[in-house]
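See below for the structure under consideration.
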Amino acid sequence: MEWGYILIFAMGALAGYGYRPKAKPASQDTSVSSRVSAVDRGNLIHAYARELSNYLIELNPDRYYTIYTRALAEQEKLFAADAKVREAQLLILTERYPVYENFDFVGTRPYVLYRETLERYSEDDLEEHFFNLVRFHSLQRAASDEWRMQMPMLSKKEEDHLYGYVLKVKDAKFKERMKQAVREFNAARRSALTEFQLSDGSQLYESAEMAVYKLYDIAESVEGFWFKDTNEYGVHSVFYGDDKSYESFYRSDRTFEKRGVLHTL
């Protein structure tokens with residue numbers, strides 16, 4: 001009986017030996033390592049670009065959209081350029097950024113706000129650095145098989161999404177400015193006449209930054225706001241009912257007849 005068990009065990013061991021996975025060639029391991037390294041470095045470039053983008057879109061949404069559109073065109077142009085042109089451009093960038101760490105414009109502690117560091121630079125400097133990140137990524141994709149397996153940094157699909165997102169960012173910033181303006185107006189207005197004695201369109205308040213006008217509405221208390229520096233117009237309304245007040249903010253024009261809904265984030 002014991003010899004029978006031994007024989008079965010030996011046959012199983014031999015069968016297992018015959019089906020052992022073959023060792024990978026050294027060249028295959030090197031290829032996988034190179035691909036992983038390219039992905040890691042590409043992700044690092046993406047992270048640096050995201051840090052800049054997050055700051056720039058909040059600073060000036062319209063300008064960031066223009067930057068993105070131009071950078072997308074530059075990315076496609078470089079990827080399709082002649083090899084000598086690409087090599088020359090890549091040499092310029094590698095001399096300016098000898099190691100990947102040089103691409104890090106934030107370069108601060110992980111909990112420090114990006115704004116605190118990036119506001120030291122001009123918008124032109126930040127824009128140039130963003131372009132260089134996109135250029136480097138595009139040139140690497142064109143020159144290397146490992147990098148080419150990655151998706152481009154920018155895309156037309158993302159550009160389309162960005163257009164709608166920029167509108168939301170602008171509306172969110174405008175709504176916050178309207179809220180601050182309403183607080184300033186409520187704290188500062190002083191008049192010998194009540195608002196019921198003032199005609200529609202009368203100026204209720206003015207400062208160096210804005211002017212506030214009385215607007216007529218049969219059901220709501222409504223004011224029109226004009227921001228002088230950006231030449232933007234907004235409408236603020238309050239409806240009182242059921243022991244509650246309902247406050248609304250809108251974009252408008254110089255007539256204050258338009259009430260555009262704010263699509264915030």
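Note that this is a predicted model, so its numbers are computed, not measured. Nothing fancy with the numbering, it's 1 onward along the sequence. Note: hydrogens, waters and symmetry copies are ignored here, and every other heavy atom, side chains too, is used.
Checked for salt-bridge contact, Arg86 and Asp82 miss the test: no charged N lies under 4.0 Å from a carboxylate O. Salt bridge Arg63/Glu127: present, at least one basic N to carboxylate O contact under 4.0 Å. Salt-bridge annotation for Arg70 and Glu76: absent, with no side-chain N of the basic residue lying under 4.0 Å from a carboxylate O of the acidic one. Comment: Glu74 engages Arg135 in a salt bridge, judged by a side-chain N to carboxylate O separation of less than 4.0 angstrom. At a threshold of 4.0 Å, the pair Asp145-Arg148 counts as salt-bridged, since one of the basic side-chain nitrogens sits closer than that to a carboxylate oxygen. A salt bridge links Asp217 with Arg259; the closest basic N to acidic carboxylate O contact falls under 4.0 Å.
Under the 3.5 Å distance criterion, the side-chain polar atoms of Thr94 are matched with a main-chain donor or acceptor of Leu91. Side-chain atoms of Asp171 never come within 3.5 Å of backbone atoms of Thr264 as a donor-acceptor pair (strictly under, hydrogens ignored).
Under the 30°/60° scheme for interplanar angles, the aromatic rings of Phe136 and Tyr100 are found to stand perpendicular. Ring pair Trp226/Tyr233 is parallel by interplanar angle, where below 30° counts as parallel and above 60° as perpendicular.
Both Leu265 and Leu167 belong to a common hydrophobic cluster when Ile, Leu, Val, Met, Phe, Trp and Tyr are linked at side-chain heavy-atom distances under 4.5 angstrom. Linking ILVMFWY residues whenever their side-chain heavy atoms come closer than 4.5 Å, directly or via other members, leaves Leu56 and Val112 in distinct clusters. In terms of hydrophobic clustering, with Ile, Leu, Val, Met, Phe, Trp and Tyr side chains grouped at heavy-atom distances under 4.5 Å, Ile45 and Tyr68 are assigned to a common cluster.
Side-chain contact of Ser122 with Asp125: a donor-acceptor pair under 3.5 Å is present, judged by distance alone. A donor-acceptor pair shorter than 3.5 Å can be found between the side chains of Thr69 and Glu159. With no hydrogens or angles considered, a side-chain donor-acceptor pair links Asn132 and Tyr97 at under 3.5 Å. Tyr205 and Glu184 are linked by a side-chain donor-acceptor pair at a separation below 3.5 angstrom, with hydrogens and angles left out of the test. For the residue pair Ser53 and Tyr64, a side-chain donor N or O sits within less than 3.5 Å of a side-chain acceptor on the partner. Thr255 and Asp253 are linked by a side-chain donor-acceptor pair at a separation below 3.5 angstrom, with hydrogens and angles left out of the test.
Aromatic rings of Tyr48 and Phe105 (six-membered ring for Trp) have centroids beyond the 6.0 Å cut-off, not under it.
Atom CG of residue Asp62 and atom CD1 of residue Ile67 lie 11.0 Å apart, to the nearest 0.5 angstrom. Note that CG of Leu90 is 10.0 Å distant from CG of Leu78, once rounded to the nearest 0.5 Å. Summarising the geometry, atom CG belonging to Leu215 is positioned 8.0 Å from atom OG belonging to Ser252; distances are rounded to the nearest 0.5 Å.
When every heavy atom of Lys228 is checked against every heavy atom of Ser207, the shortest pair comes out as NZ-O, 2.8 Å.
Not counting sequence neighbours, the partners of Glu58 by the salt bridge (Lys or Arg N to Asp or Glu O under 4.0 Å) test are Arg115. Legend: residues meeting ring-ring contact (aromatic ring centres under 6.0 Å, His included) with Phe131, ordered by chain and number and at least two apart, are absent.
Side chains of Lys214 and Val222 form no contact here, defined as non-hydrogen atoms less than 4.5 Å apart. Using a 4.5 Å heavy-atom cutoff, the side chains of Arg177 and Thr230 are in contact.
Counting only residues at least two apart or in different chains, ring-ring contact (aromatic ring centres under 6.0 Å, His included) contacts with residues 149-172 comprise Tyr65-Tyr163.
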Practice problem: Show your working on salt bridge (Lys or Arg N to Asp or Glu O under 4.0 Å) between Arg251 and Glu232 and close with a plain yes or no. | Solution: CA-CA 8 Å; Arg251 277 193 183 275; Glu232 291 179 294; 3.0 Å; yes
